[in-house]
Number of protein chains: 2
Amino acid sequence: MTTPGDRPAAEPIPPSRRIAALLREKIISGGYAPGDKLPTERALAQQHGVARNTAAAAIRILAGEGLVDTHQGSGAYVRATPRLIRLGAGRYARNLRASGLSPFGAEVTRQGRTPRVVCTSITRIEPPAEVAERLEISSRDETVVRRENHYFADESPMQIGITYAPWSIVEHSVISHSTTLGPGGIYARFDDLGHSVTRARDELSARMPIPEELAILAIPPGVPVLDLRHVSIDQNGRPFEVSHFAMRADHMAVDYDVPVED
Amino acid sequence: MTTPGDRPAAEPIPPSRRIAALLREKIISGGYAPGDKLPTERALAQQHGVARNTAAAAIRILAGEGLVDTHQGSGAYVRATPRLIRLGAGRYARNLRASGLSPFGAEVTRQGRTPRVVCTSITRIEPPAEVAERLEISSRDETVVRRENHYFADESPMQIGITYAPWSIVEHSVISHSTTLGPGGIYARFDDLGHSVTRARDELSARMPIPEELAILAIPPGVPVLDLRHVSIDQNGRPFEVSHFAMRADHMAVDYDVPVED
DNA sequence: TCGACAAACTGGCTTAAGCCAGTTAAGCAC
DNA sequence: GTGCTTAACTGGCTTAAGCCAGTTTGTCGA
């Protein structure tokens, strides 16, 4: 029931949200710098005259927004913005392969960090429907090789990459069975097989990590993953490889530089 | 203290996580279909012999992962995967401008939905450092026009776009002052001014929405935003416009189709 | 048949209390 | 000093109880 002249509700904000907003403001304005420790839950509770649970809820809100890291036994800290690993627009170019460095490795090295890529599994499977469609094969007729890679910078996991290639193409290549692919990486091996990346089709979106990714990437709360689905097209206009990357969105970005047709 | 032969911890999973994992499993496997209602907090609590708070915590975990929507007074429901608005690779092409539809409008229309774009503000400001850098101007010497647009599909907000253009270029164009830009949109007007998009540079990442975006986009918990920074390069290789998009990652994806150089 | 109303129900949010595990720092023994 | 032990502290997580606001549903009356 409102009396005439009342403001349109001006809904009361719950204490947990109000405290979160106060802290958020202070974080964004720089009152708390990256790395700074927030007041303890118990201190916040006392300062604002609420229960500890409510203070904890406020901090949980900020953690969910990716603004704050909590460490059991220690405290809650303003999350530092990490240096971005930026996958450059020219990352599929052939001259990069000549250098022997992967796009990921090149960028991480450029930042003075140490890249590491491990191939955790190589299997031969019936392709998932989505993969078969992108490869323009029928999932009944043809199997694919599935390679799973984990990418690290200074031992921190950064992205998961799953690559699918038709068995008929890679059957006699190291791609089908070896965790090490030799100089120039996988695209150099595809070159050897007569398939050169001539065009790349990428589809990007983002989402919260699934538990498996959370375990592998050790993603803190409030950090989404960039979901990149890639198709490599060869000189004959045929797709010969698809990859699916899940990247820590707080550490990674993807660049594109595309010519605009008429 | 562990005795020899102990398994490496096998750490006990807290009840809230365990219940969340059970529900998650049932959601992913299809036991609960999109739109299905989960048991109520009170029912879950009783079923698993825990307090209602613990059941609520389990559901909050799933909400944070974007798997579940909660509606006060009603229940928690498995979130339906919305149809993706896919911004196609050819979205800057000139022939698209001829059709009179924006890339966003074209895709939404193609899906049988109704697109709407509103320009909420046009201001003349000193460019933020990042914008000045991308436009290759000095923020002291030159001001820019800042246009903010909100994009809707069937009245649901989908993305926020903020466009910056040097005042010296758009001073005498509708771009500097009119919320309606005429046929072909902003790139057609830039064409009129002698600046044709010849190359596009895009940088993509993702993050959780800031409160302002949350308010405009009405984003439910557990949904990140795709953060796209775009630079338009003209026929002389000079940048003439930068845009910053924040897109609901659960409803939108971005495509690229790039030729691979040597 | 239909609308209004009321009761039952559901999630949102809080309080107060407590145990646990990980961290930190002080102090003590050497 | 150096290294260990311990006590204090911090977040993680739970219980039990309760009020509130929004939703659903059943019932009653016109």
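Chain naming here is simple, since letters A, B, ... match the order of the sequence lines and numbering starts at 1 in each.
- One atom, NE2 of A:H71, and another, P of D:dG11, lie 11 Å apart when rounded to the nearest Å.
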Practice prompt. Go through the steps for B:T109 and B:Q111 under the test side chain to side chain donor-acceptor pair (under 3.5 Å), then give the verdict.
Written response: CA-CA 5 Å; B:T109 303; B:Q111 294 188 357; over 6 Å; no
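- Atom CD in B:Q72 sits roughly 14 Å away from atom C1' in C:dT14 (whole-Å rounding).
- A:Y164 does not carry A:R134 over the face of its six-membered ring by the limits of under 6.0 Å from the centre and within 45° of the normal.
- Separating the CD atom of B:E41 from the C1' atom of C:dC9 is a distance of 12 Å, rounded to the nearest angstrom.
- Taking 4.0 angstrom as the limit, A:S16 places a side-chain polar atom (N or O) nearer than this to OP1 or OP2 of C:dT14.
- As rounded to whole Å, 16 Å separates atom P of D:dA17 from atom CG of A:N53.
- Going from atom CZ of B:R42 over to atom P of C:dC9 covers 10 Å, rounded to whole Å.
- The aromatic rings of B:H71 and B:Y77 sit tilted relative to each other, their planes meeting at an angle between 30° and 60°.
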Worksheet item: So A:I19 and A:V50, side chain to side chain contact (heavy atoms under 4.5 Å, CB included) or not? Walk me through it.
Response: CA-CA 10 Å; A:I19 296 170; A:V50 296; 4.0 Å; yes
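- If you measure from atom CD1 of B:I13 to atom C1' of D:dT14, you get 16 Å, rounded to the nearest angstrom.
- Between A:Y77 and A:A55, it is A:A55 whose nearest contact on DNA chain C lies nearer the 5' terminus.
- The side chain of B:T70 lies closest to C:dG11, out of C:dC13, D:dG11, C:dG11.
- The nucleotide whose nearest atom lies closest to any side-chain atom of B:R17 is, among D:dC19, D:dC20, D:dC13, D:dC13.
- Between B:H230 and B:F245, the gap from one ring centroid to the other reaches at least 6.0 Å.
- Taking only side-chain nitrogens and oxygens, B:T54 comes nearer than 4.0 Å to OP1 or OP2 of D:dT15.
- A:I59 places its CD1 atom 9 Å from the C1' atom of D:dG11, with the value rounded to the nearest Å.
- The 5' end of DNA chain C is approached more closely, in terms of each residue's nearest nucleotide, by A:P15 than by the other of A:P15 and A:R52.
- Note: CG (A:L38) to P (D:dT10) measures 13 Å, nearest angstrom.
- Put simply, B:S74 has a side-chain N or O that comes within less than 4.0 Å of OP1 or OP2 on D:dT24.
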